[in-house]
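Some notes on the structure that comes next.
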Amino acid sequence: MKSYKHWHITLDADRLAWLTFDKAGSATNTLSVEVLAEFSDAIAEIAAEIPRALIIQSGKASGFIAGADIEEFLSIQTPEDAKRMIRNGWEPFNLLESLPFPTVALIDGFCMGGGLELALACRYRVAVDQPGTRMALPEVMLGIWPLMGGVMRLSRVVSPPQALDMMLTGRAIDARRAKRMGLVDEAVPPRIKVNTARMIALSPPLKRKPSLLHRLMNGPLRNFIAAQAEKQVARRAKREHYPAPYAILRAWSKFDGNPFAIPDDDTASIAHLWSTPTVETSVARNLIRVFFLQERMKSLGKTADFKAKHVHVIGAGVMGGDIAAWCASRGLSVTLQDQNAERLAPAMKRAAEMFSRRLRGSDARMRIRDATDRLIPDLTGEGARHADVIIEAIFENLEAKRALFAQLEAIAKPDAILASNTSSLKLADIGANFRDPSRLVGIHFFNPVAQMQLVEVVAGATTHADTAAKAAAFVRQIDKLPLPVKDSPGFLVNRVLGPYMQQAFRMVDEGIAPETLDRAMEQFGMPMGPIELADVVGLDICMAVGHELAPGSEPPHRLKALFDAKDLGKKTGRGFYAWKNGKPQKAQAGQVTAELTQRLIAPYLREAHAVVAEGIVADADLADAGLIFGTGFAPFRGGPLHYLATRGE
Ligand code: NAI
């Protein structure tokens, strides 16, 4: 057998061929052009050998295959480039599917995108039932679709509605669910994985024929199923903003997922997705940009070798309670302190709700129980003595915070991180009386904690670089995205959101309906319009932020009137909108003009530009990253500064 750089073939005594993927020079298996070219040769070689069966497995400690090597996509300029790249996987996967002997994919750990497309070209799939095993076709999130046979094969293996759901959402499936759906033939514990794969290879079970309904849905009912799915997609994503899910449905229903059967000018073609309006500004390119921005933020958490075991949170309010629960759900031991015993009980109740919402999967009960055990209410604050990270989330009051930190600094372990979740106070002021102010850092979460991925890591003038790096590592440890920012009013996110919201309030004062303003920004691609957002955040907080960012300026009239009347938004049932069952009651929106949209978004874009110029974030890419993950700025536009640059401003 030939030797390959990334693949290893062995033929055992039973004449079983084992093809092991172990990408050279990489911790993770990804499918690059070179890897796929070798795979093609390896499959041809195995085909010629005619073994009894073939088993494909990963040689890595973690994961089967993470998907395509996305870096390589960036070199695609023309439709021909794209097709060449797709053919690299399409052809060997077809060859794999056509082999005359049983083929088995042994999936242990993640199996994403092109990895799942490869597994789908095998006759059998065995998944190892462990928490890391996840199967998904997430291409839609990058603005493209599974182009190496996934669209064609998945709907044959699982029922078409389930296949479409996976492809349209990018949702990952665990081993047991995959077994129930028929995506894998077996879901087995780690210790018997090799034996199971071997048994299946040596005595392959008969494949059950798909049901009549399944065949109908893949046949005459295909257009109907696609049309139904399209209605659901339309509720979540506009075609102009996110063309990929529409392209998936069209590629599946009209072309059986064959990218080579689609004309370049068809909306389902990769040529169209990749180059509309231009190669540099297509939604696919922008979404891939967002993917890399996210990777960059993840890597910012890797500069310090720091792992926390125990977190102590002080203040069991809106933020502290949820931060504590989140940390416990991510595997940390947490003590939660409050001066007020009555505040701890509701925080624990909210934590229980968060656990049952977020900790899912086959072992959910055990995970919920463990998370609950890890979260300990701590009235006396003893936990602060043992914690690796201490997060202060008490009232926004400088004197209270100073007094608290004086106690904390005296009892904390010498190498513990001392962090404040403050939104509006200067770290330098909080740390003014510290014996060693270099230990103080801002770890600024967003509300709601469980949903918001971004966490700003605030370095004050005296914060030691190591402390900030450790704080970023901690943020990554709890699966959030750290963004280093300087200690300046509003940091990045509130600084940019503030003037944009103020502009919206002033436009309300001019007589423009809140509904129209919200509609304008939703059409622009924001997840929520500014007025609805204000009601959700709370008009008291909007007043405070306005005051902080522009002290002394007259607050917008309508906002002030609502605030004075204690109509604070969603939490009081009335703000700019009346709220019923958690939903704003909106009237018909008026006409949205380009000029109105421009006026509304202009302050946002201006501030985004300013924070970079002032060095509050390191560069424009990180500002874009923070604003996409912290404010939901339309990801398909690639971030506000990218949007400005590609508009030529
Ligand atoms: P909150 O008012 O809901 O909770 C504060 C809690 O701290 C209360 O339970 C109170 O009993 C407790 N507390 C006050 N002094 C204490 C002390 N000395 N020792 C122990 N416990 C004490 O406040 P919230 O909204 O959770 O805000 C907390 C911090 O988080 C503030 O610094 C705020 O700026 C920041 N923040 C708030 C966000 C929000 O959306 N509410 C977003 C991001 C940051």
Side-chain angles (χ1 to χ4, degrees), residues 312-327 334-351 354 377-384 387 390-412 418-427 429-431 440-458 460 475 480 483 485 487 489-495 497-498 501 533-549 568-571 626 629-631:
H312 183 70
V313 181
I314 306 136
V318 178
M319 295 304 290
D322 283 14
I323 294 169
W326 180 263
C327 292
V334 184
T335 38
L336 175 60
Q337 177 187 350
D338 201 295
Q339 60 187 4
N340 187 340
E342 288 85 69
R343 296 303 292 260
L344 286 168
M348 299 301 281
K349 182 159 169 276
R350 275 206 327 277
M354 185 198 290
D378 177 12
L379 256 182
T380 58
E382 265 308 290
I390 299 178
I391 302 175
E392 169 276 311
I394 67 168
F395 304 136
E396 195 70 329
N397 177 302
L398 181 60
E399 287 316 314
K401 288 192 197 265
R402 276 187 176 164
L404 176 67
F405 272 114
Q407 294 166 17
L408 290 172
E409 197 185 15
I411 61 169
L418 298 176
S420 173
N421 185 46
T422 183
S423 291
S424 60
L425 299 172
K426 262 189 114 48
L427 274 194
D429 293 337
I430 299 175
L440 179 65
V441 64
I443 300 187
H444 185 228
F445 288 82
F446 293 92
N447 190 9
V449 173
Q451 262 130 283
M452 301 299 292
Q453 271 182 285
L454 189 79
V455 174
E456 290 173 328
V457 175
V458 189
V475 169
K480 298 280 182 195
L483 181 77
V485 293
D487 189 11
F491 311 127
L492 169 69
V493 167
N494 290 341
R495 160 85 184 264
L497 274 183
M501 307 278 278
L533 179 62
D535 266 2
V536 170
V537 169
L539 302 187
D540 48 342
I541 295 186
C542 293
M543 282 288 283
V545 170
H547 177 72
E548 177 211 335
L549 292 175
L568 302 181
K570 186 175 178 182
K571 60 186 167 193
F629 290 97
T631 74

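Both ligands and their constituent atoms are indexed starting at 1 by order of listing.
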[X] side-chain N/O to [Y] backbone N/O, donor-acceptor pair under 3.5 Å:
| X | Y | value |
| --- | --- | --- |
| Lys571 | Asp535 | no |
| Lys401 | Ala393 | no |
| Asp378 | Gly383 | yes |
| Lys426 | Asp487 | yes |
| Asp338 | Ala316 | yes |
| Asn421 | Phe445 | yes |
| Glu382 | Ala384 | no |
| Arg350 | Ala325 | no |
| Glu456 | Leu492 | yes |

Those atoms of ligand 1 less than 4.0 Å from some heavy atom in [X]:
| X | answer |
| --- | --- |
| Ile314 | 19 (N), 20 (C) |
| Thr422 | 32 (O) |
| Gly315 | 6 (C), 7 (O), 12 (C) |
| Val318 | 3 (O), 25 (O), 26 (O) |
| Asn447 | 40 (O) |

Which residue supplies the protein heavy atom nearest to [atom], what is that atom called, and how far is it?
| atom | answer |
| --- | --- |
| atom 43 (C) of ligand 1 | Phe445 O, 3.2 Å |
| atom 21 (N) of ligand 1 | Gln339 N, 3.2 Å |
| atom 41 (N) of ligand 1 | Met319 CG, 3.8 Å |
| atom 30 (O) of ligand 1 | Asn421 ND2, 2.9 Å |
| atom 22 (C) of ligand 1 | Ile394 CG2, 3.4 Å |
| atom 32 (O) of ligand 1 | Glu396 OE1, 2.5 Å |
| atom 36 (N) of ligand 1 | Ser423 OG, 3.3 Å |
| atom 12 (C) of ligand 1 | Asp338 OD2, 3.2 Å |

N or O pair under 3.5 Å between Lys401 and ligand 1: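 Yes; at least one N/O pair falls below 3.5 Å.
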
message: Quick check: His444 and ligand 1, any N/O pair under 3.5 Å apart?
response: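 Checking ligand 1 against His444, no N or O pair falls under 3.5 Å apart.
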
- prompt: So is Ser424 in contact with ligand 1, going by heavy-atom distances below 4.0 Å?
  reply: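 It does not; every heavy atom stays at 4.0 Å or beyond.
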
message: We want to know whether Glu396 and Ser423 form a side-chain donor-acceptor pair, criterion being a heavy-atom distance below 3.5 angstrom.
response: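 No, no side-chain donor-acceptor contact under 3.5 Å.
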
